[in-house]
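First comes the structure, then the notes that go with it.
What you are looking at is a predicted structure, and each value in this text was computed from that prediction instead of being measured.
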Amino acid sequence: MLKKSGDFKMLYEEERKLKIVEYLQEHLRASVQELGKIFQVSESTVRRDLQELEDAKLLKRTHGGAVCLENVNFEPTFIEKEDKFRKEKESIARKAAEFIEDGDTLVIDSGTTTAYLAKEMKKFSNLKVVTNSIILAQELQGNEGIEVIITGGTLRQNTLAMVGPIAEQTLSRLRVDKAFIATNGLDMKEGLTTPNIVEAATKTKMIDIAKQVILLADHTKIGKLAFAKFADVSRIDTCIVDDKVTQNMIKEMEESGINVYIVTP
């Protein structure tokens, strides 16, 4: 845990830059103004530090600040992600189910949070669900009144998602009321990202066929970047997050036109 801002007054330049990286690793993102106050330096000094740290590939600069830079190609498996932040994901899924009405046609992305949404959907009796997730299809099978359409495609072992040209061709022939989308990263400038470029294209197609796009993202996805972009934030109508997301980020999202719903696990 980093110290209070007053303890940083006498830091040398290299020490300060090291502490900035540590702060971002702990908080995921920060604004120039925020870092200036914490480290007791001018905003121009912060901007110079951030530029040098980005040049050294230690962080990613964003509009007005910076985000923690992880390996953008890193992709945990579905099993590795399934139980992480389970309470947050379950709470997000319960809220997401409130946006569903009997008679809806839906497209639901592959992801651990959307898998929890499938469990919440069993109370409905008249839905048509398009999905590229074998986990979600298995969860919904046998539920009378819920018609499940599987996209087909190439099965990715990491995410258990069906992706690629076959999945995209299926999706391109359909139109749905609502899309429930998962993401590996949401950055207000860089948009929505995921580690795999083929899966990114499938996600883009899901968004394209929906009248309303609902993003499900726990706090670990906010301010993060992955390798492949699949949508601008302007494509999101609604975002459901947990209460560990910072108020600054929520404000940014709302100011961009996104309806943000915050859940408490």
Practice item. Look at the side chain of Asn196 and the backbone N and O of Glu199, then say whether any donor-acceptor pair between them is shorter than 3.5 Å. Key: yes
Practice item. Look only at the side chain of Glu54 and the backbone of Arg61, and say whether a donor-acceptor pair between them is shorter than 3.5 Å. Key: yes
**Study point:** Residues forming a side-chain hydrogen bond (donor to acceptor under 3.5 Å, both in side chains) with Glu144, sequence neighbours excluded
**Key:** none
Check your understanding: Are Lys119 and Glu90 within salt-bridge range, i.e. N to O under 4.0 Å?
Key -> no
Practice item. Could you walk me through whether Val67 and Leu24 pass the side-chain contact (heavy atoms from CB on, under 4.5 Å) test, one step at a time? Key: CA-CA 6 Å; Val67 295; Leu24 287 170; 5.8 Å; no
Review point. Please walk me through it: do Lys128 and Asp104 pass salt bridge (Lys or Arg N to Asp or Glu O under 4.0 Å)?
Key: CA-CA 7 Å; Lys128 188 170 290 186; Asp104 277 345; over 6 Å; no
Exercise for review: Indicate if Met206 and Ile150 have the same hydrophobic cluster label, given that clusters are the connected sets of ILVMFWY residues with side-chain heavy-atom separations under 4.5 angstrom.
Suggested key: no
Review point. Is the NZ or CZ atom of Lys203 both under 6.0 Å from the centre of the six-membered ring of Phe230 and within 45° of that ring's axis?
Key: yes
Point to revise | Ser133 and Thr131 side chains, donor-acceptor separation under 3.5 Å | key: no
Exercise for review: Return yes when atom NZ of Lys229 has more than 12 non-hydrogen atoms of other residues, nucleotides or ligands closer than 6.0 Å, and no otherwise.
Suggested key: yes
Practice item. Have a look at Leu186 and tell me which of Lys224, Met253, Lys221 forms a side chain to side chain contact (heavy atoms under 4.5 Å, CB included) with it. Key: Met253
**Study point:** Test side-chain contact (heavy atoms from CB on, under 4.5 Å) applied to Leu50 and Leu59, step by step
**Key:** CA-CA 8 Å; Leu50 295 182; Leu59 53 76; 3.8 Å; yes
Review point. Are a donor atom and an acceptor atom from the side chains of Thr194 and Asn184 found within less than 3.5 Å of each other?
Key: yes
Practice item. Count the heavy atoms of every other residue, nucleotide or ligand shown that sit under 6.0 Å from CG of Leu155, and state whether that count exceeds 12. Key: yes
Check your understanding: Taking the side chain as C-beta and beyond, is there a heavy-atom pair between Asp218 and Val241 under 4.5 Å?
Key -> no
Check your understanding: Linking I/L/V/M/F/W/Y whenever any side-chain heavy atoms sit under 4.5 Å apart, do Val213 and Ile108 land together?
Key -> no
Check your understanding: Distance-only, no hydrogens or angles: does the Asp242 side chain make a donor-acceptor pair with backbone N or O of Lys244 under 3.5 Å?
Key -> yes
